[in-house]
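Order of the sequence lines sets the chain letters (A, B, ...), proteins ahead of strands, with each chain counted from 1. Side-chain atoms are counted along with the backbone in the values below, which use heavy atoms only and exclude waters and symmetry mates.
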Amino acid sequence: MPHIHPETELHNPQSTKPPLDPHLKALENEAIHIFREVAAEFERPVMLYSIGKDSSVLLHLARKAFYPGRVPFPLLHVDTGWKFREMIAFRDETVEKYDLDLVVHTNPRGAVENITPFTHGSALYTDIMKTEALRQALDAGQYDAAFGGARRDEEASRAKERIYSFRTPDHRWDPRNQRPELWNIYNGMIRRGESVRAFPLSNWTEVDIWRYIQAEEIPIVPLYFAEKRPIVERDGMMILAEDPRLELLPGEAKREEVIRFRTLGCFPLTGAIRSNATTLDDIISELETATVSERQGRAIDRDQAGSMEKKKREGYF
Amino acid sequence: MTAPALANAALDENAVALPSQEPARIARDSRPLRLITCGSVDDGKSTLIGRLLWDTKAVKEDQAASLQRDSNGKQNDLGLPDFALLLDGLQAEREQGITIDVAYRYFSTDKRSFIVADTPGHEQYTRNMATGASTADLAVLLVDARIGLLEQTRRHATIATLMGIRQFVLAVNKIDLTNYDRARFEQISHEFKELALSLGVRQVTAIPVSALKGENVVYDGRASMPWYDGPTLIEVLELATTRSAQTVGFRLPVQRVSRPGESFRGYQGTVAGGSVKPGDSVVILPSGMVANVTKIVTFDLVRNAAVAGDAITLVLDRQVDVSRGDMIATIDSQPMTGLAFDAQLVALQPEGIQPGKRYWLKSGSRRQRVQVQPVTQLDLKSGKWNHADELPMNAIGKVHLTFDEQAIFDSYEQNRTTGAFILIDPDTNNTVAGGMITGRRATIGGIHAEEHRVILSLPADLADQLMATEIFAGRREDVDIRRVNAAKAIEVIDAIDE
């Protein structure tokens, strides 16, 4: 095989954490089972790594699944070039700390055609810099399985997605013709060129993610915690104003607010929330009383009804 | 904690609403309950699930707002959005106004969290219901209080039972439209309990419900139904048991062999039954080799025991040949191994299940070739098993399975993991059936080990002619056939002579 990930034995300092509650333990067991099944059945798996909280959990579970060996596949980050600065720093630290193989891909059209979220609109920008870029990276790596951190509670079309989600050679998802999935028996049989997206976190909810991060002491990007940060208000969203490429429009003004992010994507398309949650405890209790869903801050979901389903059919994660 | 901290946050549309009181810290002491909801088209199933999500606060304001937008302001008479839109996530479903696939929904209370498989009610979607039921611990069956039990109710209850569900809740919905008629409710629940008993299910709770008004779903309906003093739906769900008490011995289907270095060799998998601890003697199947467990390795610590459901890495005390697809099991109570098994299955695809076709069978981590011979098909109307040569889509049938290599199973009745399998069509790679093992066929066709047998080695064309005769077809089950090349045939026969 052209790309080999030698399994070397790792040593994990024994921790003194209390055991997980049965609910999180059951979710963890299910995810580890999926990781091992995919790693055993496919020739070239890869893990989509977006640096967000779900990716952090996903990575932690992967490390658990293969311990004492190292994670036997590379991580793939599709970098639009417009991620928060702190995300990139966190990514590089993580890769270093856990001895991971990282592949970073940016769609070359971005630089050539100067495609930005400001000039091309969120829909076209996302299509080129995320969906198209992902397809390019998956093709280049000839990956036959890609792990993703998507959860069924995130969005209506995700609620029907399988744990092994089948894709045609051009990465299309056909929601009306999905393979039935019974018990915990997954069908990994594909033809050359076809692939599977595997979702070990399918049955997790947002609260589960946070409670697991807390219980397992998983590092996450600091942007999830409230802090005084420079922002500008645009289209009803509070955007982080620290990148020099963000040009203020007439009538806009930069100001400082105590904010945090519930999800992390590209900084110009991700809205912050006002919050004083500076600890995981704060975040969890904020969440348990929250009245809006996490994707509320994502501009790309709002384009039209069924917009996520449409993107997914075209190959978006 | 954060309530005071939040009070300082500026309140506008971006801010998180102030909690009215300190939320209860949730440390759930049980595993999530998986349930399936079944009902006919107009029983109000979507409304019931919508109500569960709404009253347990699983629906957030922006989701509700997009619901209001998508339903073009269509609301029920309580000013709530059209719950069905919340559930029918696919565009095709919204366009056609029907549910075409299994959707999974999540909600929780202080005591427990729940995973609902929401499946369509139409007859042509038996396969979707079987899919949803395969992982469910409990089934909620819905009927319209004005109509009572339907043929569908019997069908759904039968499928749920076949898939191993042993806890039923009957939600007698739209009770408000009968003026909360107690006698009507009692009559329906009596009929249903009889039906459940005829299927062998004893754990049945019937509840009078108005999903639309939210009575006896999450909040009680005492104001309208003082005569009902039983539990609400959510109370039943909170107390239901999850399936884990598998009575058979230790089972570990090996997913993967971990060899990170010379010093370590571990067998990774999820415990599918019983428990294990260091020092236990185990057998590796199908080889039959025996070893002792030295360590149970996990990321956090070296554990002194593992139980069903745990994803572990097992280390044995000696070099034995173990690979993916093997099963490590307790010596005292081993699973069945053999070349011929009986099973029930649900046909999931338009091509159905064809007699004699060779499929891939996957059970646990083991994948092998199998030949499937349909025997009978269940008539869901009458509950009778009729003779069948093939099984069309949505059919539930009994079949004979014949393997080339040793297969390893428990009966589904004893173990819902090691007794379950899927069939994969080698031509399309699609999953074409879900199956449940009922037992091993005692040697081939029930013939005893001491009986005389003849091994013939024939040219393929002659064998085909013989097999086409009526006398042969009549006793096909008594015959064991392998197709090999001439060299292999000579080798096998020589081996007998030695």
Side-chain angles (χ1 to χ4, degrees), chain A residues 7-10 12 14-15 17 21-23 26 29 32-33 36-37 39-40 63-70 152-153 156-157 159-160 175-176 178-185 187 189-191 203 205 238 271 273-277 281-282 285-286 288-293 296 305-306 309, chain B residues 1-2 5-6 8-10 14-17 19 23 27-32 60-63 70 89-92 101-106 113 115 127 131 134-135 255-256 258-261 263-264 268 270 297 299-301 309-311 324 348 360 362-363 420-422 424 429-431 434:
Chain A
E7 277 196 34
T8 49
E9 200 166 336
L10 298 178
N12 185 44
Q14 303 287 297
S15 93
K17 286 179 306 213
D21 72 51
H23 170 77
N29 282 328
I32 290 176
H33 182 84
R36 289 172 171 174
E37 199 63 12
R63 292 175 58 229
K64 281 196 157 189
F66 302 106
Y67 179 83
R70 71 193 282 265
R152 286 176 179 150
D153 83 323
S157 73
K160 306 204 170 184
R176 298 207 65 169
Q178 300 192 79
R179 290 178 178 173
E181 205 159 72
L182 293 89
W183 298 285
N184 63 345
I185 311 174
N187 175 358
M189 295 193 66
I190 53 167
R191 292 198 185 87
N203 288 319
T205 63
M238 287 186 289
I273 56 167
R274 287 192 184 88
S275 162
N276 289 333
D281 262 335
D282 294 347
S285 51
E286 190 180 279
E288 281 165 356
T289 52
T291 57
V292 293
S293 80
Q296 193 252 2
E309 182 188 347
Chain B
M1 298 296 294
T2 56
L6 273 171
N8 299 328
N14 278 323
V16 173
R28 293 187 188 107
D29 58 1
S30 52
R31 301 195 301 165
K60 304 297 187 188
E61 273 173 11
D62 57 322
Q63 292 167 326
D70 291 351
L90 301 176
Q91 290 213 307
D101 205 341
V102 188
Y104 294 91
R105 294 287 160 192
Y106 304 83
S113 65
I115 303 175
R127 55 180 185 154
T131 303
S134 70
T135 51
Q255 286 184 284
R256 209 174 162 269
S258 170
R259 266 170 315 193
S263 61
F264 188 88
Q268 303 189 314
T270 305
V297 177
F299 184 82
D300 301 295
L301 66 171
D310 287 345
R324 174 174 165 80
L348 304 169
W360 284 109
K362 191 177 177 195
S363 174
F421 63 87
I422 58 170
I424 300 166
N429 284 339
N430 205 347
T431 307

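- Note on Arg36(A), His33(A), Lys64(A): by heavy-atom pairs under 4.5 Å with chain B, the leading option is Arg36(A).
- For the residue pair Val297(B) and Tyr67(A), the shortest heavy atom distance occurs at CG1-CE2, 3.8 Å.
- Here the closest heavy-atom approach between residue Ala311(B) and residue Ile32(A) is recorded as CB-CG2, 3.6 Å.
- In this structure, OH on Tyr106(B) lies 9.0 Å from OG1 on Thr205(A), to the nearest 0.5 angstrom.
- For Trp360(B), the ring-ring contact (aromatic ring centres under 6.0 Å, His included) criterion is met by no residue, not counting sequence neighbours.
- Minimum heavy-atom separation, Ala40(A) to Arg256(B): CB-CG, 4.4 Å.
- Within the model, atoms CZ of Arg105(B) and CZ of Arg152(A) stand 11.0 Å from one another, a figure rounded to the nearest 0.5 Å.
- Nearest heavy-atom pair across Phe299(B) and Arg63(A) is CZ-NH2, 3.7 Å.
- Looking at Glu181(A), the atoms closer than 4.5 Å to chain B (heavy atoms on both sides) all sit in the backbone: N, CA, C or O.
- When all heavy atoms are compared, the tightest approach of Ile185(A) to Phe421(B) is CD1-CA, 3.6 Å.
- Taking all atoms of both residues into account, the shortest heavy-atom contact from Gly69(A) to Ser258(B) is N-OG, 4.5 Å.
- With sequence neighbours left out, the side chain to side chain contact (heavy atoms under 4.5 Å, CB included) criterion links Thr431(B) to Arg179(A), Pro180(A), Asn187(A), Leu348(B), Ile422(B).
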